[in-house]
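All chains are named by letter (A, B, ...) in the order of the sequence lines, taking the proteins before the strands, and each is independently numbered beginning at 1. Note that the structure is predicted; figures quoted are calculated from it, not measured.
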2 protein chains.
Amino acid sequence: MTTLGIGQLAKRAGVGIDTVRYYERDGLLSPATRLESGYRRYGDAELKRLHFIRRAKALGFSLEDIRGLLALSEERDVATVKQVAESKLVDIEQRIAELERIRSGLHTLIAACPGHGRAEDCPILNALTGQERV
Amino acid sequence: MTTLGIGQLAKRAGVGIDTVRYYERDGLLSPATRLESGYRRYGDAELKRLHFIRRAKALGFSLEDIRGLLALSEERDVATVKQVAESKLVDIEQRIAELERIRSGLHTLIAACPGHGRAEDCPILNALTGQERV
DNA sequence: CTTGACTCTGGACCTGGGTCCATACTGCAG
DNA sequence: CTGCAGTATGGACCCAGGTCCAGAGTCAAG
């Protein structure tokens with residue numbers, strides 16, 4: 001069984017050493033054991049767990065969410081895992097919708113702006129100063 | 001001419017008093033004048049400016065961006081205003097694309113998860129623990 | 001004049017997710 | 001054995017955009 005120091009672990013997972021310690025403070029990842037000296041030692045399980053954390057973050061989960069997912073995956077509670085994923089999906093769809101709204105407003109303003117001439121004729125400035133509705 | 005105290009100004013713009021003072025510290029909005037006592041007094045121009053700030057924030061501009069827009073609007077530089085708006089649009093489109101990517105990954109996983117049964121058969125957990133690609 | 005609401009200042013604190021630092025100790029190669 | 005890279009700890013600091021607080025002063029209605 002491979003056993004890794006914090007530096008190797010961090011490198012393999014593509015994160016910083018401080019990040020690993022931060023996750024530990026945050027209750028997400030503990031070393032398998034410690035040497036007499038206090039040096040942290042990690043095994044395969046910890047490396048997998050760290051990969052899990054990274055992947056989940058890449059999917060838009062917060063560390064808080066991930067703490068929950070890790071607990072669930074230990075409970076092997078598939079139904080709840082699916083529910084959590086579904087509510088995260090809803091969350092992400094709402095964020096997209098909000099950005100779409102903003103995108104559309106900006107797009108309209110830009111399309112209507114000639115890009116030269118008097119400030120009074122710039123719909124972007126007018127919208128921002130409240131002369132017209134966005 | 002109406003002249004407003006900080007409380008009235010904040011109320012009319014729908015922000016907190018502390019926010020107004022924060023914007024002042026941040027160089028976005030100064031009172032038109034001050035009383036002998038030091039009390040801030042705002043006129044119509046400041047109210048409009050505060051509305052501008054809020055609208056711009058709602059369109060996804062940072063306070064930093066807004067400082068720039070305010071400077072431009074004072075210079076009446078329409079071409080540059082349009083360019084700033086365009087680059088903000090690109091920025092927002094990138095954020096949307098990133099979220100779309102996440103949404104799609106999550107959607108695929110959820111669709112493939114039966115919602116019951118063994119943890120080994122849950123694609124969400126498998127994806128997170130690295131048994132399969134997302 | 002009193003009272004209560006409002007405002008002043010400077011600074012601390014908050015969220016999330018880290019990152020950096022000083023100082024001291026440890027592990028390993030040569 | 002020496003030297004240097006790696007690691008330990010606790011705490012400060014970073015970003016943005018506020019929010020809250022204490023203690024003191026002020027304004028306006030009654």
- Message: Closer than 4.0 angstrom, basic N to acidic O: yes or no for Glu100(A) and Arg103(A)?
- Response: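 Salt bridge between Glu100(A) and Arg103(A), a charged N being under 4.0 Å from a carboxylate O: yes.
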- Message: Strictly below 4.0 Å, N to O, side chains only: are Glu64(B) and Arg67(B) in salt-bridge contact?
- Response: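 Judged by the 4.0 Å cut-off on N to carboxylate O distance, Glu64(B) and Arg67(B) do form a salt bridge.
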Touch class at under 4.0 angstrom, heavy-atom based, for [X] against every strand present:
X: Arg67(A); value: nothing
X: Arg21(B); value: base
X: Arg34(A); value: sugar-phosphate

- Pair of N/O donor and acceptor under 3.5 Å linking dG18(C) base with Tyr23(A) side chain: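 Side chain to base: no pair below 3.5 Å.
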- Query: Checking only heavy atoms, does the side chain of Tyr39(B) share a donor-acceptor pair with the base of dC6(C) at less than 3.5 Å?
  - Reply: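 It does, because a donor-acceptor pair links the side chain of Tyr39(B) to the base of dC6(C) below 3.5 Å.
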- Message: Let me spell it out: for each of Gly7(B) and Phe61(A), pick the nucleotide of DNA chain C with the closest heavy atom. Which residue's pick is nearer the 5' end?
- Response: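 The residue whose closest nucleotide sits nearer the 5' end is Gly7(B).
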- With DNA chain C as reference, determine whether Asp18(A) or Ser37(B) sits nearer its 5' end, using the nearest nucleotide of each.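 The 5'-side residue here is Ser37(B).
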Phosphate OP1/OP2 of [N]: any [X] side-chain N/O under 4.0 Å:
X: Arg54(A); N: dG18(C); answer: yes
X: Arg40(B); N: dT9(C); answer: yes
X: Thr19(B); N: dT19(D); answer: yes

Taking atom [atom2] of [N] as reference, at what distance in whole Å does atom [atom1] of [X] sit?
X: Leu35(A); N: dC25(C); atom1: CG; atom2: P; result: 17 Å
X: Glu24(B); N: dT19(D); atom1: CD; atom2: P; result: 17 Å
X: Glu64(B); N: dC15(D); atom1: CD; atom2: P; result: 11 Å
X: Asp26(A); N: dG18(C); atom1: CG; atom2: C1'; result: 10 Å
X: Ile53(B); N: dG17(D); atom1: CD1; atom2: P; result: 12 Å
X: Leu4(A); N: dG27(C); atom1: CG; atom2: P; result: 17 Å
X: Tyr22(B); N: dA12(C); atom1: OH; atom2: P; result: 17 Å
X: Ile17(A); N: dG10(D); atom1: CD1; atom2: P; result: 17 Å

- Would you name the heavy atoms of Cys113(A) and Ile124(A) that are closest together and state the gap between them?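 Heavy-atom minimum between the residues: CB-CD1, 4.1 Å.
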- Message: Return the CD to CG distance between Gln83(A) and Asp77(A), rounded to the nearest 0.5 Å.
- Response: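 Going from the CD atom of Gln83(A) to the CG atom of Asp77(A) covers 8.0 Å.
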- Item | Distance, nearest 0.5 Å, that separates CG of Leu109(A) from CG of Asn126(A) |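 The CG atom of Asn126(A) is 9.5 Å from CG of Leu109(A), to the nearest 0.5 Å.
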